[in-house]
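Below you'll find the structure, written out as structure tokens, and then a few comments.
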Amino acid sequence: MQTLLHFDDLQIAVQAQMVQSIPGGYHLQGQQISLLHPFGKTNFYRHGFHSWSLSAWLPLGKRLPTPVQREIWPQIDHPHLLRDYPFTSSGLAALQGPDGNVLLLGALELDASVKADSQILRGEYTAPVAAGARCSWYLGYAPEEAVFTEYTRLLAERYGERGQGKPPRVWCSWYSFFTDIHEDRLLHVLDGLAGLPFDVFQLDDGWQIGMGDWEANPKFPSGMAALADKIRQHGLTPGLWLAPLIVQPKSSLYHQHPDWLLRDAQGQPVRAGHNWGDDFFGLDTTHPAVQEWMAALIGKVRNWGFEYLKLDFLYAAALPGVRYQNVPGEQAYRQGLQVIRQVAGEAYFLACGAPVIATLGLADGLRVGPDVAPFWDNVERSQQLYDLTGPSTLNGIRTSLQRLWLRPVLQVDPDVAFMRSRFNLLSPAQKQLLQDLVQITGFRAISDPPDWLDQQELDQLRAFLAESPQVEKLGRYLFRIDDRQVDFSFLEDSWPA
């Protein structure tokens, strides 16, 4: 059906299967929705597929070159969203009206995208829809904060919410040692954290044999249960990084269970990206044997004593492919996540590299941007390869700041802040911007070993972890933290030349 929708003085022509007026906007039904908007080349809110995928406001006329690293495209965004990059968006999109209000079209089910040009806003459920399946949308036109809040409320009704308490204060090994971790090094750091108000001590990548072989490698001779016990003895919650939905060709899992892999129409494994010097692939989370294996893995880690789980590269299970069950990618991913959530019990679950909408209600926290780094811009990837998901503080701030609307449904993790000047190329002003973003979210994570910090930096760290500042959002890029204003408007001009 075609009809006119009314928002005060604004009229929007829409084509949809069904239109219903609801408080705060309209409820639409249809596998495909088309809206004729009058805004021309206005600003467009683009939402990326997973944690690292570009999310930002940008002018509709601003054409960004498609990233050229085809071998890691899934690590950048969903393949569907790279076909008309950057004006195809995951799950929702918004347009800036001339009166300052925002027109938001957001899907209420999974596996949807929204595309915009200077005349039309189109929403589509990108996978075949089964007979009787819902294809629901929310459409609102209101001040930016109000329209995103209403959409978030509807998502919470549909998928639930978690992580409503105070976020944990986390020490993470990644941004200091990367994979070069071993038992003695981490115990030394653990001793150095005495007296600092951390809640969680989290081991990151580097403890395991490999992707798919989740046992301690020889660098951890005492085993993972012994290390978790040592962490508890220091009064901290043991945390562990895993990537349970991906597998490398060199792993025993890959060779023993080839039928567990997500495959394309030609029967080849679906490449989920390239890292650790090799390609890696996603598991088919609809396969009963994969679900049993995932449950056993998470159960083993919980029995070791880890109560904070950082699960990474989760998007691999949501990529297009042929599955044991014929369900779309995000729905298949959510099936796997439900298994993990059930077995994890009361453990804190931080999702990273995760499809955003499909994770709601199951994870306690969500990484909402690319990895930060002790440097400002990843020039090789952003300027030469046009990839705005590479590790850098600029990339992390850009996307994380535009996902703060998710805070009512889970805790948003913008990644770590840096206190150190050692091994750090960030200027004091750049470090401060990252610290400010972390304070705005409330999710405080640090990766600086205490013996890398001088006394002034240690004092700053202690105060940073103890603070509970009053935060007020004054505008899209402007915040007040206690009595100080923080301005992120430089992001409007942060695009590659």
After noting the C-alpha distance and the side-chain angles of Ser222 and Glu183, does the key distance pass the side-chain hydrogen bond (donor to acceptor under 3.5 Å, both in side chains) rule? CA-CA 8 Å; Ser222 300; Glu183 187 174 310; 2.7 Å; yes
Decide yes or no on side-chain hydrogen bond (donor to acceptor under 3.5 Å, both in side chains) for Arg407 and Thr441, but give the supporting numbers first. CA-CA 8 Å; Arg407 285 182 292 178; Thr441 67; over 6 Å; no
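Residues satisfying the side-chain contact (heavy atoms from CB on, under 4.5 Å) test with Ser382, not counting sequence neighbours, are Asp377, Leu388.
Classification of Arg334 and Glu330 as a salt-bridged pair fails, no side-chain N sitting under 4.0 Å from a carboxylate O. Between Lys219 and Asp184 there is no salt bridge, since no side-chain nitrogen of the basic residue lies less than 4.0 Å from a carboxylate oxygen of the acidic one. Salt bridge Arg185/Asp180: present, at least one basic N to carboxylate O contact under 4.0 Å. A salt bridge between Asp204 and Lys310 is present, with a side-chain N of the basic residue lying under 4.0 Å from a carboxylate O of the acidic one. Under the 4.0 Å criterion applied to side-chain N and carboxylate O atoms, Glu144 and Arg476 are assigned as salt-bridge partners. Between Lys300 and Glu215, at least one side-chain nitrogen of the basic residue sits less than 4.0 Å from a carboxylate oxygen of the acidic one, meeting the salt-bridge criterion. A salt bridge links Arg46 to Asp77: at least one charged side-chain nitrogen sits closer than 4.0 Å to a carboxylate oxygen.
Classification of the His287-Trp260 ring pair by plane angle, with boundaries at 30° and 60°, yields tilted. Ring pair Trp207/Trp214 is tilted by interplanar angle, where 30° to 60° counts as tilted. Classified by interplanar angle (parallel below 30°, tilted 30° to 60°, perpendicular above 60°), the ring pair Trp171/Phe177 is tilted.
Applying the side-chain hydrogen bond (donor to acceptor under 3.5 Å, both in side chains) definition to pairs two or more places apart or across chains, those involving residues 84-95 are Arg63-Asp84. Within the structure, side-chain hydrogen bond (donor to acceptor under 3.5 Å, both in side chains) pairs that include any residue of residues 353-366 comprise Arg162-Asp364, Tyr333-Thr359, Arg341-Asp364 (at least two apart or interchain).
For the pair Phe201 and Cys172, the minimum side-chain heavy-atom distance is 4.5 Å or more.
A cation-pi arrangement is not found for Arg271 relative to Trp73, the charged atom failing to lie both closer than 6.0 Å to the ring centre and inside a 45° cone about the ring normal.
A donor and an acceptor atom, one from each side chain of Thr286 and Arg323, are nowhere located under 3.5 Å apart. Side-chain polar atoms of Gln208 and Asp205 form a donor-acceptor pair below 3.5 angstrom. Residues Ser53 and His78 bring no donor and acceptor atom of their side chains to less than 3.5 Å of each other. Ser136 and Gln29 form a side-chain donor-acceptor contact under 3.5 Å, judged by distance and modelled atom types alone. For the residue pair Trp405/Tyr45, the side-chain donor-acceptor check at 3.5 Å is satisfied. Checked by atom type, the side-chain pair Arg381/Asn378 shows no donor-acceptor distance below 3.5 Å. Residues Ser252 and Asp213 have side chains that bring a donor and an acceptor to within less than 3.5 angstrom of each other. Looking at Gln202 and Tyr348, their side chains never bring a donor and an acceptor atom within 3.5 Å of each other. Side chain to side chain, Gln325 and Gln335 meet the donor-acceptor criterion of an N or O pair below 3.5 Å.
Between the side chain of His182 and the backbone N or O of Pro218, no donor-acceptor pair lies under 3.5 Å. Under a 3.5 Å cut-off, the side chain of Tyr315 and the backbone N or O of Ala272 do form a donor-acceptor pair. Looking at Ser251, its side chain never comes within 3.5 Å of a backbone N or O of Gly212 through a donor-acceptor pair. In this structure, the side chain of Gln248 engages the main chain of Met211 through a donor-acceptor pair within 3.5 Å. A distance-only check finds a donor-acceptor pair linking the side chain of Gln411 to the backbone of Gly165 [under 3.5 Å]. Under the 3.5 Å distance criterion, the side-chain polar atoms of Asn395 are left unmatched by any main-chain donor or acceptor of Pro391. A donor-acceptor pair under 3.5 Å is absent between the side-chain atoms of Ser51 and the main chain of Gly369, judged by distance alone.
A side-chain hydrogen bond (donor to acceptor under 3.5 Å, both in side chains) with Ser113 is found for one member of Arg122, His80, Glu124, Arg83 and no other, namely His80.
Phe375 CZ: more than 12 foreign heavy atoms inside a 6.0 Å radius.
With values rounded to the nearest 0.5 angstrom, Phe148 atom CZ is found 6.0 Å from Leu92 atom CG.
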